[in-house]
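None of these values were measured; they are calculated from a predicted model. Numbers restart at 1 for each chain; the letters A, B, ... are given by sequence-line order, proteins then strands.
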Amino acid sequence: MLELIDVEAHYGNIRALKGVNISLSEGEIVTLIGANGAGKTTTLMAVSGIVPASAGEILFMGKPIHELTPDRIASLGISQVPEGRHIFQRMSVMENLHMGAFTRRDRKEIKRDLEYVFELFPVLTERRHQQGGTLSGGEQQMLAISRALMARPKLLLLDEPSLGLAPKIVKQIFEIIRKINREHNTTVFIVEQNANLALQTADRGYVMENGSVVLSDECSKLISNDKVREAYLGI
Amino acid sequence: MGKRGRNLHRDIILKFNFDSVRFMEYFFELLLGGLTRGSIYALIALGYTMVYGIIELINFAHGEIYMIGAFTALIVASLLTIYGFHGVSILILASVAAVIYSSAYGFTIEKIAYKPLRRAPRLSPLISAIGMSIFLQNYVRLAQTSDFLPFPSLIPEFGFMRDYEHIFSSAELVIFIAAALIMAMLTFLVKLTRMGMAMRASAQDRKMAMLSGVDVDRVISVTFITGSALAAVGGVLIASHIGQINFSIGFIAGIKAFTAAVLGGIGSIPGAVLGGFFLGWAESFATGYVSSDYEDVFAFALLVLILIFKPEGLIGRSKANKV
Ligand SMILES: Nc1ncnc2c1ncn2[C@@H]1O[C@H](COP(=O)(O)OP(=O)(O)OP(=O)(O)O)[C@@H](O)[C@H]1O
Ligand SMILES: [Mg+2]
């Protein structure tokens with residue numbers, strides 16, 4: 001459903017992506033791991049249209065999207081939980097969730113989805129009128145994921161959902177990601193530093209180094225791959 | 001106490017009463033005059049603050065939008081007068097024309113002078129804005145005239161205001177009510193509509209707004225159009241009240257409204273309103289009790305002081321909190 005073909009991206013003169021090839025099938029959970037500065041965030045931003053692809057093609061459900069604006073891409077059903085969460089600080093939890101549903105007009109269904117995310121993350125229910133900026137880090141991550149879900153995405157992009165969270169909350173969040181994937185057949189693409197957890201959660205994985213994909217396989221095989229074990233699992 | 005003593009006593013009381021009535025009347029005159037000024041400053045300041053909130057640009061050409069609004073209204077009002085229209089209907093039609101024309105200018109300025117510079121260093125659009133301001137002033141000066149043109153007084157005098165005209169005129173009342181209504185509408189737009197939510201989202205975190213499906217270019221255009229419409233209304237109201245306009249009125253009004261926006265904390269909508277009223281009152285009382293020679297100096301002195309000692313404004317957020 002998502003295909004990146006020889007995608008390149010630049011920041012000024014810096015070539016951050018050097019011909020990336022990645023493909024995801026519908027209903028899969030796929031992870032992208034790699035060291036700091038490898039180009040993981042850039043890959044997601046290229047898919048969302050924030051960083052334009054300077055070469056190559058990005059196809060979503062068979063159609064090219066690499067020349068569309070970010071708002072058009074979002075309205076096709078691609079939601080991103082960006083690195084660092086990016087909660088709207090001076091909007092309430094409720095307003096943040098409504099921002100997630102910005103491209104939708106089906107009020108009744110939006111209401112149902114609100115109930116759904118409040119069920120997934122009951123803490124948010126109590127905090128619904130609190131300003132986004134006053135939530136704790138873990139709560140903000142839950143809100144960021146909920147906000148992305150409010151778009152009813154076909155493809156959910158997650159950039160380091162475990163960053164800065166206590167192990168217990170990380171586990172809870174990954175369980176919920178699996179649950180969303182199971183219940184709605186949502187395709188999930190997770191960028192992670194926590195390679196161990198990512199490889200346990202996902203079906204397939206890509207390993208990125210210096211702007212290129214250097215390895216890709218089923219997660220069960222990547223976990224036992226010596227190079228991966230040494231570089232990313234620290235074993 | 002003799003007869004003379006009693007009379008003297010009575011005279012003093014009378015004089016005192018008379019003075020205290022004069023004193024209170026004068027005070028209210030200044031208070032209400034400040035309110036009127038303040039509401040105009042607030043209308044224009046809103047345009048500065050909304051644009052700054054979203055693209056962090058001080059739109060120096062905003063004062064010229066206000067001036068163009070006043071000129072449009074003057075031309076339309078003159079035409080309508082020839083065709084036999086009267087007072088209030090001229091006021092309304094001229095205001096509508098001014099709003100449409102100024103909004104078109106605001107929209108176009110953003111597209112040609114700022115949008116191409118969105119990724120450029122911050123100084124570039126600022127210089128472009130100053131250039132736009134100078135260009136528009138001279139354009140109007142050449143297309144019209146550099147003389148002051150008389151502006152018809154379009155606001156009628158109400159019968160029920162007759163006894164109070166010397167303190168608070170009908171025109172001032174209309175200006176205040178119109179400004180208050182427009183600000184209420186703006187609050188509704190920003191707080192409760194989908195576009196308003198998109199505006200706030202774009203101001204707080206542009207990238208995330210885009211990821212959520214907001215067409216930020218469109219939001220920016222709407223912001224310029226809204227700000228320009230507010231300035232145009234301000235231009236028509238004040239021109240009709242003061243009775244004359246020329247190509248440079250936007251410059252002074254623009255800098256004062258900018259002062260108001262900075263005073264309240266640039267980027268903050270309630271701040272712009274508060275700053276507008278604060279500046280209106282400060283000017284009104286300073287000119288009324290000190291000297292009218294210092295009217296403009298006063299506003300600029302205030303601007304400099306605020307920038308030095310409290311750059312985040314009266315109720316603004318500090319830079320660190322904004323991100
Ligand atoms: N806005 C930017 N301007 C210039 N260079 C950038 C910018 N963003 C990223 N880069 C560069 O592009 C390269 C890839 O960055 P990217 O953020 O995609 O890495 P990453 O894999 O997500 O790293 P991390 O794990 O630290 O989040 C890095 O060398 C980085 O310095
Ligand atoms: Mg990253």
Next item on the list: Output the residues of residues 98-115 of chain A for which the shortest heavy-atom distance to chain B is under 4.5 Å, in residue-number order; output 'none' if no such residue exists.
Entry: A:H98, A:M99, A:F102, A:T103, A:R104, A:R105
Notebook entry, point to check: Would you say B:Y101 has more than 12 foreign heavy atoms packed within less than 6.0 Å of its OH?
Noted result: no
Check: Taking everything shown except A:R72 itself, do over 12 heavy atoms lie less than 6.0 Å from its CZ?
Finding: no
Check: Do the non-hydrogen side-chain atoms of B:L211 and A:P82 ever get within less than 4.5 Å of each other?
Finding: yes
Notebook entry, point to check: Are A:D71 and B:M210 close enough, and set up right, to give a side-chain contact (heavy atoms from CB on, under 4.5 Å), and what steps lead you there?
Noted result: CA-CA 5 Å; A:D71 55 295; B:M210 290 161 102; over 6 Å; no
Item checked: Test side-chain contact (heavy atoms from CB on, under 4.5 Å) applied to B:M197 and A:M91, step by step -> CA-CA 9 Å; B:M197 198 157 87; A:M91 285 189 179; 4.1 Å; yes
Next item on the list: Output yes when a side-chain donor or acceptor of B:Q204 lies under 3.5 Å from a complementary backbone atom of A:R90, and no otherwise.
Entry: yes
Note to self: Does A:E175 have more than 12 heavy atoms from other residues, nucleotides or ligands lying within 6.0 Å of its CD?
What the structure shows: yes
Check: Is there a side-chain contact between B:R200 and A:E95, using heavy atoms and a 4.5 Å cut-off?
Finding: yes
Checklist line | Members of residues 212-230 of chain B whose heavy atoms come closer than 4.5 Å to chain A | finding: B:S212, B:G213, B:V214, B:D215
Margin query: Is it the case that atom NZ in B:K191 sees more than 12 heavy atoms from other parts of the structure closer than 6.0 Å?
Written below: no
Check: Considering residues, nucleotides and ligands other than A:N210, do more than 12 of their heavy atoms fall under 6.0 Å from its CG?
Finding: no
Next item on the list: Identify which part of A:R147 has an atom lying under 4.5 Å from any heavy atom of chain B, answering side chain, backbone, both or neither.
Entry: side chain
Margin query: Using heavy-atom distances under 4.5 Å, tell me whether A:M150 contacts chain B through its side chain, its backbone, both, or neither.
Written below: neither
